[in-house]
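Below is one structure; the comments refer to it alone.
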Amino acid sequence: MKIDRLIGILSILLQKDTVTAPDLAEKFEVSRRTINRDIEDLCKAGIPIVTRQGAGGGISIMDNYKIDRTLVNHAEMQDILAGLRSLDSVNGTNRYGQLMEKLSVGSSDFLVGNQSVLIDLSSWYKESLAPKIELIRAAIDVKKELLFTYYSPSGESVRRIEPYYLIFRWSSWYVWGFCKMREDFRLFKLNRMEDVRVSEEVFVKRKADVPDLNDEGIFPGGIKVKALFEPECKWRLVEEFGTECFRETENGKLLFQADYTNRENLITWLMTFREKVELLEPEEIRAELIACFERIRRKYDSGS
């Protein structure tokens, strides 16, 4: 992919004084014309690259620029490589790892050496997730609409969207796009998307700002929750809400207070703690929980 190649070319130029276009073309298995276009793109991005013709010529970064400004230091390059390797954990291939192997052959420790940051972006649904990501990336690149069946709390529906961004957030993958059904931008969770396919319809790109994904914007809250947890639940409260979400009472129990976003999700979450939590507020949801437990009891008593 082009971005991989651009990073690779930049990495080589940072290591070597001069490199030739035929050498780069051979290393990345593309034509010299493609390498020339890549060099032009790097120049447009503000990297001062010079080319010299004839014997002893080649491609290099301006000496004064490399001396006066540190473009990428060793730690920063390791972060870039860690990010690239993380994409292998998603797409089920080893193409980024292979890219790194190509770049590290005969290089200094600028590209190799100890790796202290390892990122795995895969999930339990890796086998079904990877093809979706590749399909959505391809649709974004060629500006074609996506069709899919979407499963949400309100039911399932067939959606057609203009895809703009693939997003990894809240430990899950999403696509941000303009939904033709809702006539607005929406965030769709990939694990809820089935029968994903690329339409033949090419769309004209709209003004699509990067979505505001702060928790307050996506999950506005509004349900003031107060609950009493047993001490052994502390690790889950810390993991999910942080240490400021509760205080320890005199008898050792944990008084939990937080804003919650969705009534059904709150009830489901509380039930995962079984008898180790007592909801104090809101009163109406407390009453709903009691009624729910009563229905469960009757269901088990009747054996149906």
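Taking CG of Leu266 as the reference point, atom CG of Leu270 lies at 4.5 Å (rounded to 0.5 Å).
A salt bridge does not link Glu40 to Lys44: none of the charged nitrogens lies less than 4.0 Å from a carboxylate oxygen. Taking 4.0 Å as the cut-off between side-chain N and carboxylate O, Glu201 and Arg160 do not count as a salt-bridged pair. The existence of a salt bridge linking Glu194 and Lys132 is confirmed by a sub-4.0 Å separation between a basic side-chain nitrogen and an acidic carboxylate oxygen.
With Glu162 as the partner, the salt bridge (Lys or Arg N to Asp or Glu O under 4.0 Å) test is satisfied by one option alone out of Lys205, Lys143, Lys180: Lys180. Of the candidates Asp23, Val19, Ile9, Ile9 is the only one forming a side-chain contact (heavy atoms from CB on, under 4.5 Å) with Ile35. Only one option out of Tyr151, Trp176, Phe148, Tyr174 pairs with Phe188 in a ring pair (Phe, Tyr, Trp, His ring centres under 6.0 Å); it is Phe148.
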- prompt: Stepwise, does the ring pair (Phe, Tyr, Trp, His ring centres under 6.0 Å) test hold for Phe229 with Phe246?
  reply: CA-CA 9 Å; Phe229 286 85; Phe246 64 87; 8.8 Å; no
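Taking the six-membered ring for Trp and the full ring otherwise, the centers of Phe203 and Phe178 sit at least 6.0 Å from each other.
Side-chain contact between Glu200 and Lys144 is present, with at least one heavy-atom pair separated by less than 4.5 Å. Contact of the Lys234 side chain with the Leu254 side chain is registered, since non-hydrogen atoms from C-beta on lie closer than 4.5 Å. Counting only heavy atoms from C-beta outward, the side chains of Trp173 and Ile136 never approach each other to under 4.5 Å. Side-chain atoms of Gln257 and Val225, non-hydrogen and from C-beta on, never get closer than 4.5 Å to each other. Looking at Thr34 and Arg37, their side chains come closer than 4.5 Å, going by heavy atoms from C-beta outward. You'll find the side chain of Glu230 stays beyond 4.5 Å of the side chain of Glu275, heavy atoms only. A 4.5 Å side-chain heavy-atom check between Asp41 and Arg5 finds every atom pair outside the cut-off.
The side-chain tip of Arg236 points at the ring of Phe273 from less than 6.0 angstrom away and within 45° of straight on.
Heavy-atom neighbours of Arg32 CZ from other residues, nucleotides or ligands within 6.0 Å: at or below the threshold of 12.
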